[in-house]
Chemist: 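First the structure, which I've put down as structure tokens, then a few questions once you've had a look.
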Amino acid sequence: MTVSTPAAIRGEQLRLVLAGIGQSFPVAFLLSSLLVVVLDRVAPLGELLAWYVAFLALRVATVGYARRMQRQRSTPAQGRTTERVLMMLKIAEGGCSR
């Protein structure tokens with residue numbers, strides 16, 4: 001049995017989060033596309049398309065960043081920076097929905 005340190009556990013948690021981000025992209029793409037189709041008759045199309053493009057651009061940026069971070073070996077300090085960047089991207093993505 002190996003003893004896991006808090007830093008090792010946190011590193012594994014970050015690795016799992018980064019892997020999940022890439023896996024969530026197809027679902028985000030399909031659901032956002034469906035939302036545009038459904039709301040087409042209710043909301044202005046220009047606003048819907050602007051939201052759609054901004055949302056997908058942020059998702060692509062987030063997936064790209066997550067994949068790049070997965071390829072790199074990181075220290076605990078770099079892991080905290082990665083967490084902060086991901087948090088900011090998710091905040092921007094949420095702000096895109098308002």
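Quick caveat, the model's predicted, so the values are computed rather than measured.
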Chemist: Hey, any chance Leu58 and Val60 share a hydrophobic cluster, counting ILVMFWY side chains that come within less than 4.5 Å of each other, even indirectly?
Modeler: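 In one cluster: yes.
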Chemist: Just grab all the side chain to side chain donor-acceptor pair (under 3.5 Å) pairs involving residues 11-20, residues at least two apart or on different chains.
Modeler: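 Every pair satisfying side chain to side chain donor-acceptor pair (under 3.5 Å) with a residue in residues 11-20: Glu12-Arg15.
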Chemist: Determine whether Val53 and Trp51 fall in the same hydrophobic cluster, where Ile, Leu, Val, Met, Phe, Trp and Tyr are linked whenever their side-chain heavy atoms lie under 4.5 Å apart.
Modeler: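 No, Val53 does not connect to Trp51 through the hydrophobic network.
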Chemist: Anything under 3.5 Å between a donor and an acceptor, one on a side chain of residues 26-37, the other on a protein residue two or more places apart or in another chain? List them.
Modeler:
{"from": "Ser32", "atom 1": "OG", "to": "Ala28", "atom 2": "O", "distance (Å)": "2.8"}
{"from": "Ser32", "atom 1": "OG", "to": "Phe29", "atom 2": "O", "distance (Å)": "3.1"}
{"from": "Ser33", "atom 1": "OG", "to": "Phe29", "atom 2": "O", "distance (Å)": "2.8"}
{"from": "Ser33", "atom 1": "OG", "to": "Tyr52", "atom 2": "OH", "distance (Å)": "2.7"}

Chemist: State the CG-CZ distance between Leu18 and Arg68, to the nearest 0.5 angstrom.
Modeler: 11.5 Å
Chemist: How close do Thr81 and Tyr65 get, heavy atom to heavy atom, and via which atoms?
Modeler: O-OH, 4.3 Å
Chemist: Do Thr62 and Phe25 come close enough that some side-chain heavy atom pair is under 4.5 Å?
Modeler: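 Result no, sub-4.5 Å side-chain heavy-atom pair not found.
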Chemist: Any side chain to side chain donor-acceptor pair (under 3.5 Å) pairs touching residues 18-28, not counting sequence neighbours?
Modeler: Ser24-Arg59
Chemist: CG of Leu86 to CD1 of Ile21: how many Å apart, nearest 0.5 Å?
Modeler: 4.5 Å
Chemist: Do Lys90 and Met87 make a side-chain contact, defined as non-hydrogen atoms from C-beta onward lying under 4.5 Å apart?
Modeler: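 No, too far: nothing below the 4.5 Å cut-off.
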Chemist: Measuring from atom CD1 of Ile91 to atom CD of Glu93, what distance do you get when rounded to the nearest 0.5 angstrom?
Modeler: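 Spacing of CD1 (Ile91) from CD (Glu93) equals 11.0 Å.
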Chemist: Side-chain heavy atoms under 4.5 angstrom apart, residues restricted to Ile, Leu, Val, Met, Phe, Trp, Tyr: same cluster for Leu39 and Leu45?
Modeler: yes
